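Written out below as structure tokens is the structure these notes cover.
Small disclaimer: the values here were computed from a predicted structure and weren't measured.
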Amino acid sequence: MRLMPGMALAAVLLLHGGVNAVAATAETAGPLVVESVAAGQFLYLIEEMPCADRAGVNECPLRIVLLRNGKRLDVKTLPVAAAARGFTRETSGGFRLATGLKNEPGLRVWESGEEENYLAFSARLVRLGESRTGLLVTELYGFSHLHRAHALYAEKGGKLKVAWSFVEGGGPVFSSVRPLPGELALLFRQVQEGYAEEMPDSAVLSLLRWREGAASVTARPLPVKGRPLYLVSAGVYSSVSGARKAAAAMRGKGGVSLLVLAAKEYPQAAGKGEAVLGELFVSRTEARALRKKLRREDITLAPRIVTVTKTGKAAQ
């Protein structure tokens, strides 16, 4: 599977009812509709295109097609191509866990291939404004190291605009995008795990908001004035390696996965320590839920919630 550079409507057969399964054969020559998502007068189709050999790699691109009243208006190609034709519904729940969407209601996931040729995706409508919706597509691919690609599409003047996108680079990276309940915004979370035992993790949480005039999305890293982060601290450690050992023990005991964060980035929580074992949230309610879970898993812990209004040098 490779990252792609940035026809007859067999599909209008599916219109608003969605698709149950697609199992293409090598002999299938034309586009195959894998998914359909209705948005008012518009319909988004995700098509699997015929495969082609590109520098010795078999690529089967995925495209988003925008339609209105059955008329094709515009087409965009998704960032990651499949390695073979044929998608089926994913029911194991692995996609939800690997993309941070385990609590997302009504999520439909499609998958294709195995091991290095594995690719799965979901497409869901998100509210961007009072009268504006977008289609958020998340792709999951890889084998020993899973990676994610996200792209947000919106209709503007009958054209399909790429309002925002992100493709993970190499190494131990994790990213997720989800709507914020009760807000016209998305939360983008990006975590870079430390490469070495003494290297801390880093986490960036950003608000994604639609700009109507520019037909794009702005990303605003948190915290900002009036919008703090909430850090659930499960302990402060004199070394990153000590925090990693505690994190591993916690994973083995209750399946709780926490970040090892640099103390200098969160001096409100760390005091004189070198590392903080914890997790970041934009919601105090979610932070309280984790604190409760940590107390339940280990009665010796005294986790606390720290309100983070500034990070790094600005907080010192």
Donor-acceptor contact below 3.5 Å, side chain [X] vs main chain [Y]:
X	Y	value
Asn58	Ala83	yes
Arg148	Val173	yes
Arg132	Glu155	yes
Asp74	Lys159	no
Gln268	Lys310	yes

Would you say the side-chain atoms of [X] and [Y] include a donor-acceptor pair closer than 3.5 Å?
X	Y	value
Arg96	Ser122	no
Tyr237	Glu274	no
Glu90	Trp110	no
His150	Ser165	no

Check Glu48, Met49, Lys76 against Leu62 for a side-chain contact (heavy atoms from CB on, under 4.5 Å) and give me the one that passes.
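That would be Glu48.
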How long is the gap from [atom1] on [X] to [atom2] on [Y], to the nearest 0.5 Å?
X	Y	atom1	atom2	result
Phe166	Leu208	CZ	CG	11.0 Å
Phe174	Leu259	CZ	CG	10.0 Å
Leu43	Leu73	CG	CG	10.5 Å
Thr99	Leu107	OG1	CG	7.0 Å

Shortest non-hydrogen contact from [X] toward [Y]:
X	Y	result
Val232	Pro303	CG1-CB, 4.5 Å
Ala269	Val306	CB-CG2, 3.8 Å
Pro223	Pro228	CB-CA, 3.9 Å
Val260	Ala247	CG2-CB, 4.4 Å

ILVMFWY cluster, Leu101 and Val126 together (side-chain gap under 4.5 Å):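 Hydrophobic grouping puts Leu101 apart from Val126.
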| message | Hydrophobic clustering (ILVMFWY, side-chain heavy atoms < 4.5 Å, transitive) - are Tyr153 and Val37 grouped together? | response |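 Yes, Val37 and Tyr153 fall within the same hydrophobic cluster.
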Is it true that Arg244 and Glu197 make a salt bridge, defined as a side-chain N closer than 4.0 Å to a carboxylate O?
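No, no charged N to carboxylate O under 4.0 Å.
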Would you mind checking if Glu47 and Arg72 are paired as a salt bridge, meaning a charged N to carboxylate O distance below 4.0 Å?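 Looking at Glu47 together with Arg72, the answer is yes, because their closest N to O distance falls below 4.0 Å.
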Which atom pairs, one a donor and one an acceptor, fall under 3.5 Å between side chains of residues 181-193 and the rest of the protein, sequence neighbours left out?
{"residue": "Glu183", "atom": "OE1", "partner": "Arg209", "partner atom": "NH2", "Å": "3.4"}
{"residue": "Glu183", "atom": "OE1", "partner": "Arg227", "partner atom": "NH1", "Å": "3.0"}
{"residue": "Glu183", "atom": "OE2", "partner": "Arg227", "partner atom": "NH1", "Å": "3.3"}
{"residue": "Glu183", "atom": "OE2", "partner": "Arg227", "partner atom": "NH2", "Å": "2.8"}
{"residue": "Arg189", "atom": "NH2", "partner": "Glu279", "partner atom": "OE1", "Å": "2.8"}
{"residue": "Arg189", "atom": "NH2", "partner": "Glu279", "partner atom": "OE2", "Å": "2.8"}
{"residue": "Gln192", "atom": "NE2", "partner": "Pro172", "partner atom": "O", "Å": "3.4"}
{"residue": "Gln192", "atom": "NE2", "partner": "Tyr195", "partner atom": "OH", "Å": "3.4"}

Strictly under 6.0 Å, is that where the ring centroids of Phe121 and Phe87 end up?
->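 Between Phe121 and Phe87, the centre distance is under 6.0 Å.
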